[in-house]
Amino acid sequence: MKKLINFVLLTASLTTGFVATTQANQLDDLLKQVKADRVSEAKLDKKREAEFLSDRADKTALLNTAKKELANQNARNDRLTKEYAANEITLAQKEVELSTATGTLGEMFGVSRAAAANAYGQITSSIVSAEFPNRGETLNRIANAKEIPSIADLEELWFALQTEMTESGKVSQFTVNVTNLDGTASSELITRIGTFNLVSAKGYLTYNDEVDQVQPLPKQPAGYITNTASGFFGLNAGYSAVYIDPSRGAILSLETRKKTLEQFFHEGKEVGYAITVLFIIGCLIALERLIVLGGMSSKIKAQEKNLDKPNENNPLGRLLKVYYDNQSVDAETLELKLDEAILRETPKVDRGVNLIKMFAAIAPLMGLLGTVIGMIMTFQTIMLFGTGDPKIMAGNISLALVTTALGLICALPLILIHSIVAGKSKSVLQKLDEQSAGLIAAIAEKGSK
């Protein structure tokens, strides 16, 4: 037992000694590590201190350089300020010397600039520039010049004005590229009438100074005006009348804006179209009646030459046939039968005549209807948009006026046509009445004997 106890105590003492030895070794290592780290930190701190001192020296050198540059710039500023003041004094002296040296030439400078500016606007927009292009470059340079113009510039100004004045009294023909309305260009021979108009075989042309192009008008003026221009262009010798625009295109432009009869007609819209259809129907009926009644009249005249042989292809022949079929009856009975025959022929002769008269009466009423509709639409437009812009109301007012005009235009010829057709039909019926009376008189005369 003692041996066991001693063994245990020995083992415990050995274990305690090993642990103590182990802990002592670890503390020594820790101490060595702390000493080593202290040396490393010291080296690092010295390195950082050296770098800081180096940067401080550099910054001090930069600061000294900046101070030196500032001093140089301040000195330069003082020097330039003195030079600027001296230059101002010198400039004022030179201006006085220039004003004294130029004298009245300064007035010429202003006059030449004003003259060049006025001439530039007139010449660049003139149709003479279509024949003589690039005349405005020198004038524009003179008008915007900052110095007194030279003798050559003044000569160019004089030459431009003289050319414009001389060409304004000439009629000249020349070839130029004409830009058509579809964008294509073609070389054409055109005639320039002074500074007023450009004409070609197709009519009047215009010169667009913004793009330096000769262009046809979007719409030619009235036919009689265009015909004089085309005739004047084709003239080789002698004299010919031609319309010219003394306003250099303004009046011609207004002329091209005038509405044609077709445009006025379409402003009548549905009511105008209805009146036109009514007029066409009335004219067709009148034409048919004139043809039929004309044929009847010619056949009646042929029948009058041969009363003994009635032909049923005309009213008189049918009337004579009734007479020959009833020669044995008394005069009163024959009169009734002839009246019956005339009554049968009357609808064929008078057919459509009253319809023409009715159309002539309806047309003005339809025009009045269009007028009322146009006024109603005008007042509605006024309520919506006010009266600030008359163009907004122009369309409705045109409807009111155009339909009235169309109604009257339709009624007047229809009334005349109705009178002619009614006269034709009455002449046919009168022929029948005359022949009927003669036949009755012949039977009555036979009965009295």
Show me the pairs that pass salt bridge (charged side-chain N to carboxylate O under 4.0 Å, His left out) and involve residues 59-81, at least two apart or across chains.
Arg79-Glu83
Mind checking side chain to side chain contact (heavy atoms under 4.5 Å, CB included) for [X] and listing every partner two or more places apart, or none if nothing turns up?
{"X": "Ile415", "value": "Ala360"}
{"X": "Thr179", "value": "Gln213, Gln215"}
{"X": "Thr166", "value": "Gln162, Lys170"}
{"X": "Phe174", "value": "Ala130, Glu131, Ser172, Val176, Ile190, Arg192, Leu198"}

Name all residues meeting the salt bridge (Lys or Arg N to Asp or Glu O under 4.0 Å) criterion together with [X]; count only those two or more places apart in sequence or in a different chain, and write none if there are none.
{"X": "Arg289", "value": "none"}
{"X": "Lys94", "value": "Glu97"}
{"X": "Glu288", "value": "Arg351"}

With Thr175 via side-chain hydrogen bond (donor to acceptor under 3.5 Å, both in side chains) - residues at least two apart
none
What residues form a side-chain hydrogen bond (donor to acceptor under 3.5 Å, both in side chains) with Thr276, not counting sequence neighbours?
none
Does anything in residues 363-377 form a side chain to side chain donor-acceptor pair (under 3.5 Å)? List the pairs, not counting sequence neighbours.
Thr371-Thr404
Donor-acceptor pairs are to be reported for all side-chain atoms of residues 363-370 against protein atoms at under 3.5 Å, with residues two or more places apart or in another chain.
none

